[in-house]
Amino acid sequence: MASGDKLALDIVTIERKVWEDDGIDLVLIPGIEGEMGVLPNHAPVLTALRPGVVKIKKGDNEEFFAVGGGFVDVNPKKVVILAQTAEHSEEIDLERAEAAYQRAKKVMEEEPDTSIGPSLTARAALARHEARLKVVRRRRGGTGGVPHRQQ
Amino acid sequence: MASAREILGRIKSVQNIGQVTRAMEAVSASKMRKAQERTEASREYADKAREVLAHLASQSGASHAHELLQGREPVKRVGIVLITPDRGFVGGLVSNILRKTMRFMEQNTGVEYKLITVGKKGRTFMRRYGPEIIGDFDNPGDDVTEGDARGISQAVTSAFFNGELDAVYLAYAKFVNLMQQDAVVRQLLPLGLEDLSEGAGPMSHGSAPYEIEPGPEEVLDSLLPTLVDMQVYQAITESLASEHSARMVAMRAATDNAKELAEDLRLTYNKARQAAITNEILDIAGGAEALAQADG
């Protein structure tokens, strides 16, 4: 990328605009087909997102967001993330995220794996809560790994 | 005429009521602003989603075959999501929504209507006078989240998918301005592609070929349900703004009435007081006169 090239990024949800910045160097997006790194002058892409972590880099600063699915519209100069839910790492409370994650895990385990519908919902909820936890741990300088392994 | 003391008591209570309504007016004003901001805040998502939708629709002819876009013939069972406030003191707002909804249902006699109520006022009325209620949600109120809307939209979408409903409408109070809230009944499902992409600009990058991952259909599959959520969410935030502005206006009128009433009562009180004083003077004068005559 040519030096001085920057990327504009909007993260919007139905409820609000979560983030807006027009001087981004790199954004990592959890695309449905896999992790996607977007630099300025990326070819136009429209893709669905899976629940996961969005990471943006601006100079030496990094910001993390937990998103719960949605879409992204990538253009050479601008990236717009339309997320079902999106939270900045600073907005997430560790204890509550942890509790929500455990609840989602329990629902997932208790649910019989027979019908596809509900399990999908449970799986999506689990993925969403896992992403939130990852984001909040990253902020505290943790490894970002799945939490309860080191209890 | 009531005694002066009684009138004083009434003045006091009218003034108290005026204070309460004034406070309610102020509370409603600030809640209305918040609800308006929420509606405003979701507009950005709405615009962008419309843009993406218009683009996808132009990309794949198959998009028209999506189940959420597919109209059914004949339409036999229609669901109405009726969004009303939980509380009164909103002037004619609730009855306007209910009247509009009842009229809408009277238009087509060959259709079976079913209701999904959101909010107490509509539920109470429809239980008694309306058709079957197949779903009932609490009005999420001022802290409405996208998740609340999703619960409602998932319920109606699955009823639509399994054939329980052939079409779904939203009935709510559209916020026009502080003085005007229009009761509307608007189609939600099947989604009208033309309505949705109306006014959508071209994708930010113009005509350059877009890569769509995994493919237009898959993206459409996950986009369409969020458009349903979005419309339900916006209907809820709009009806909140309507509710609060209607209440604000009603409370302002009540405050004005209380002021007027207190002034009228004050006049009556003054007259009563004056009359009492006059009577007392007459008594004293009469008494003195009688004494003077007895002495003389």
Side-chain angles (χ1 to χ4, degrees), chain A residues 7-20 22 29-36 38 40-51 67-87 91 100 104 115-118 120-121 124-125 128-129, chain B residues 37-53 55-56 59-60 143-151 153-154 158 161-162 202-234 236-237:
Chain A
L7 201 55
L9 172 82
D10 283 359
I11 302 179
V12 291
T13 67
I14 289 180
E15 288 176 29
R16 66 200 168 112
K17 183 173 236 171
V18 180
W19 202 257
E20 182 175 22
D22 54 8
I29 299 164
I32 205 139
E33 309 254 270
E35 197 78 12
M36 211 167 101
V38 178
N41 301 318
H42 193 284
V45 176
L46 181 65
T47 179
L49 300 180
R50 55 181 170 70
V67 298
F71 313 86
V72 60
D73 174 21
V74 177
N75 282 288
K77 296 283 171 221
K78 182 158 191 176
V79 174
V80 180
I81 297 177
L82 288 178
Q84 190 176 44
T85 59
E87 286 166 289
E91 295 174 316
S115 67
I116 300 167
L120 271 180
T121 324
R128 206 164 54 235
H129 290 302
Chain B
E37 277 163 21
R38 274 166 179 273
T39 315
E40 211 51 52
S42 70
R43 199 149 289 165
E44 189 135 356
Y45 184 97
D47 289 346
K48 190 72 200 169
R50 277 199 197 99
E51 200 181 297
V52 172
L53 180 73
H55 180 77
L56 285 174
Q59 282 283 304
S60 67
D143 305 321
V144 57
T145 63
E146 179 268 339
D148 297 322
R150 202 180 333 142
S153 68
Q154 274 174 356
S158 66
F161 277 153
N162 69 26
M203 293 285 274
S204 1
H205 195 58
S207 56
Y210 254 89
E211 196 162 319
I212 301 175
E213 290 173 5
E217 264 103 283
E218 287 85 349
V219 175
L220 203 59
D221 270 353
S222 52
L223 175 66
L224 291 176
T226 73
L227 289 174
V228 182
D229 294 352
M230 185 188 84
Q231 294 195 67
V232 174
Y233 179 81
Q234 288 189 330
I236 294 174
T237 54

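Each chain gets a letter, A, B and so on, in the order its sequence line appears, and its residues count up from 1.
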(message) Tell me which of these, B/A46, B/P214, B/A149, has more heavy-atom pairs under 4.5 Å with chain A than the rest.
(response) B/P214
(message) Tell me which of these, B/D229, B/T237, B/T145, has more heavy-atom pairs under 4.5 Å with chain A than the rest.
(response) B/T145
(request) Could you tell me which portion of A/A43 (side chain, backbone, both or neither) has an atom closer than 4.5 angstrom to a non-hydrogen atom of chain B? (result) neither
(request) Examine whether an atom of A/I32 lies under 4.5 Å from a heavy atom of chain B, and if so say whether it belongs to the side chain, the backbone or both; otherwise answer neither. (result)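 When you check distances to chain B, only side chain atoms of A/I32 fall under 4.5 Å.
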(message) Please check this pair: side chain of B/E146 against backbone of A/E15, looking for a donor-acceptor N/O pair closer than 3.5 Å.
(response)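 It does not hold such a pair.
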(message) For B/R150, which atoms come within 4.5 Å of any heavy atom of chain A: side chain, backbone, both, or neither?
(response) side chain
From [X] atom [atom1] to [Y] atom [atom2], the distance as rounded to the nearest 0.5 Å:
X	Y	atom1	atom2	answer
A/I14	B/Q231	CD1	CD	10.0 Å
B/K48	A/I81	NZ	CD1	11.5 Å
A/R16	B/E44	CZ	CD	13.0 Å
B/E51	A/D73	CD	CG	6.5 Å

(request) Could you pull out the closest heavy-atom pair between B/V52 and A/L82, with the gap in Å? (result) CG2-CD1, 4.4 Å
(message) Tell me the closest heavy-atom pair linking A/F71 and B/L223, and the distance in Å.
(response)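 Shortest heavy-atom separation between A/F71 and B/L223 comes out as CZ-CA, 3.1 Å.
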